[in-house]
2 protein chains.
Amino acid sequence: MRISELSRTCGCSVETIRYYESVGLLSAPRRAANGYRVYSDEHRKWLQLVRRSRDLGLPQDEVRLLIKIARDESAACEDVYRLLSSHVQRVSTRIRELKQLEKSLIRLQSRCADGRSKKCPAIDELMK
Amino acid sequence: MRISELSRTCGCSVETIRYYESVGLLSAPRRAANGYRVYSDEHRKWLQLVRRSRDLGLPQDEVRLLIKIARDESAACEDVYRLLSSHVQRVSTRIRELKQLEKSLIRLQSRCADGRSKKCPAIDELMK
DNA sequence: GTAGACCCTCTAGTTGCTACAGGGTCAAGA
DNA sequence: TCTTGACCCTGTAGCAACTAGAGGGTCTAC
Ligand SMILES: [Zn+2]
Ligand SMILES: [Zn+2]
Ligand SMILES: [Zn+2]
Ligand SMILES: [Zn+2]
């Protein structure tokens with residue numbers, strides 16, 4: 001399978017696939033006589049792992065770790081669990097932060113809403 | 001006031017202040033004879049606006065817009081309100097997305113938890 | 001006179017891609 | 001046969017919003 005076909009089946013761009021190869025998230029495939037990359041179904045699976053992990057918000061280096069774990073035959077289920085746990089924690093924390101932010105923004109915005117004053121009270125608050 | 005004092009009162013690094021100047025988020029201050037930047041209290045206020053806006057998650061170009069609005073004497077309260085509204089929307093959307101993500105992650109993770117199988121079911125799912 | 005705390009500019013790194021520029025390859029149609 | 005057009009290649013530069021460092025200058029105090 002050539003790179004464009006792989007890109008279609010995995011839902012990521014050709015450039016992204018080459019990029020993953022360059023940063024070691026996808027192993028280099030064999031090349032045809034003309035220099036084109038030729039991918040196997042194995043490659044497709046590994047790319048799926050990368051794509052799905054990224055879609056779940058895992059940073060690149062954790063995807064790399066996941067790959068290492070997955071390649072290991074004695075695939076440590078526990079390690080995967082731990083990795084996912086710590087990521088869930090990060091996501092939860094971020095959600096809490098964003099909720100706080102949302103509250104602050106709405107409070108700030110409300111000061112604009114009722115004001116008939118000349119000066120914008122929101123701007124005033126931000127500068128004080 | 002010199003740059004390090006300003007950085008202390010505004011809670012951002014010296015480098016960040018210089019960076020804001022370089023990208024036009026903070027106007028260039030006058031220089032002392034030795035070339036050091038000298039800031040007035042006005043500068044401090046504008047930097048506060050930038051810092052607080054950034055802390056609220058506003059992207060740089062919207063902060064720039066906010067500055068333009070604030071500089072305008074006929075400060076359009078309505079424009080500020082609109083700007084904040086659209087940002088609140090973005091934040092709310094992001095929160096919803098992250099909650100979805102959190103759910104998916106927890107589902108995936110749970111497949112690890114109960115498994116006594118040799119192969120990690122989470123990895124399997126990600127690669128299939 | 002030298003140590004330390006400042007200050008300056010300029011450049012390069014971060015993350016995770018994306019978009020060119022400037023080429024080569026190959027099958028189909030005029 | 002020639003030429004389009006859809007592919008493919010490498011390599012470099014860009015994005016946001018800083019951060020960190022190199023390699024220097026300045027000023028005060030012991
Ligand atoms: Zn597992
Ligand atoms: Zn207002
Ligand atoms: Zn080209
Ligand atoms: Zn130095």
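What you are looking at is a predicted structure, and each value in this text was computed from that prediction instead of being measured. Numbered from 1 within each chain, the chains take letters A, B, ... in sequence-line order.
The existence of a salt bridge linking A/R94 and A/E97 is confirmed by a sub-4.0 Å separation between a basic side-chain nitrogen and an acidic carboxylate oxygen.
Counting only residues at least two apart or on different chains, the salt bridge (charged side-chain N to carboxylate O under 4.0 Å, His left out) pairs with a member in residues 56-70 of chain B are B/E62-B/R90. Within the structure, ring-ring contact (aromatic ring centres under 6.0 Å, His included) contacts touching residues 8-41 of chain B (residues at least two apart or in different chains) are B/Y39-B/H43.
When rounded to the nearest whole Å, the span between CG of B/L26 and C1' of D/dC18 equals 15 Å. Look at CE on A/M1: it is 12 Å from P on D/dC8, rounded to the nearest Å. To the nearest angstrom, P of D/dA17 lies 14 Å from CG of B/L56. Here the P atom of nucleotide D/dC18 and the CG atom of B/L58 are 12 Å apart, to the nearest Å. Distance B/I17 CD1 to C/dC6 P: 14 Å, rounded to the nearest Å. Taking atom CD on B/Q60 and atom P on D/dT19, their separation rounds to 11 Å, with Å as the unit. If you take CD1 of B/I3 and C1' of C/dT9, they are 12 Å apart, rounded to a whole angstrom. Rounded to whole angstrom, the span from the CG atom of B/L6 across to the P atom of C/dC6 amounts to 15 Å.
Between the axis at the start and the axis at the end of the helix from C/dG1-D/dC30 to C/dA30-D/dT1 there is an angle of 40°, using five pairs per end and rounding to 10 degrees.
Inter-residue side-chain proximity for A/R96 and A/Q100 is flagged as unmet; no heavy-atom pair is nearer than 4.5 Å. Residues A/L25 and A/V63 meet the side-chain proximity criterion, which asks for heavy atoms closer than 4.5 Å. Contact of the A/S13 side chain with the A/T16 side chain is registered, since non-hydrogen atoms from C-beta on lie closer than 4.5 Å.
Residues passing the salt bridge (Lys or Arg N to Asp or Glu O under 4.0 Å) test with A/R52, sequence neighbours excluded: none. Residues satisfying the side chain to side chain contact (heavy atoms under 4.5 Å, CB included) criterion with A/R30, sequence neighbours excluded, are A/V38. Evaluation of the side chain to side chain donor-acceptor pair (under 3.5 Å) rule for A/E5 yields no partner, not counting sequence neighbours. A/R54 pairs by the salt bridge (Lys or Arg N to Asp or Glu O under 4.0 Å) definition with nothing, not counting sequence neighbours. When the side chain to side chain donor-acceptor pair (under 3.5 Å) test is applied to B/T9, no partner is found at least two apart in sequence or on another chain.
Less than 4.0 Å separates DNA chain C from no heavy atom of any residue of residues 90-100 of chain B. Contacts between residues 33-54 of chain A and DNA chain D, defined by a heavy-atom separation under 4.0 Å, are made by A/G35, A/Y36, A/R37.
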List the steps, then state whether side-chain hydrogen bond (donor to acceptor under 3.5 Å, both in side chains) holds for B/S4 with B/S7.
CA-CA 5 Å; B/S4 66; B/S7 98; 6.0 Å; no

Extract all donor-acceptor atom pairs below 3.5 Å that involve side chains of residues 120-128 of chain B and protein atoms in other chains or at least two apart in sequence.
residue, atom, partner, partner atom, Å
B/E125, OE1, B/R111, NH1, 2.1

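One finds no side-chain N or O of A/R2 lying less than 4.0 angstrom from the OP1 or OP2 phosphate oxygen of C/dC26. For the OP1/OP2 pair of D/dA17 and a distance below 4.0 Å, the side-chain nitrogens and oxygens of B/R64 include no atom meeting the criterion.
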What does the list of N/O pairs under 3.5 Å between the protein and nucleotides 18-20 of chain C look like, with a distance for each?
residue, atom, partner, partner atom, Å
C/dT18, OP2, A/T16, OG1, 2.7

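For the atom pair CD (A/E21) and CD1 (A/I17), the distance works out to 10.0 Å, reported to the nearest 0.5 Å.
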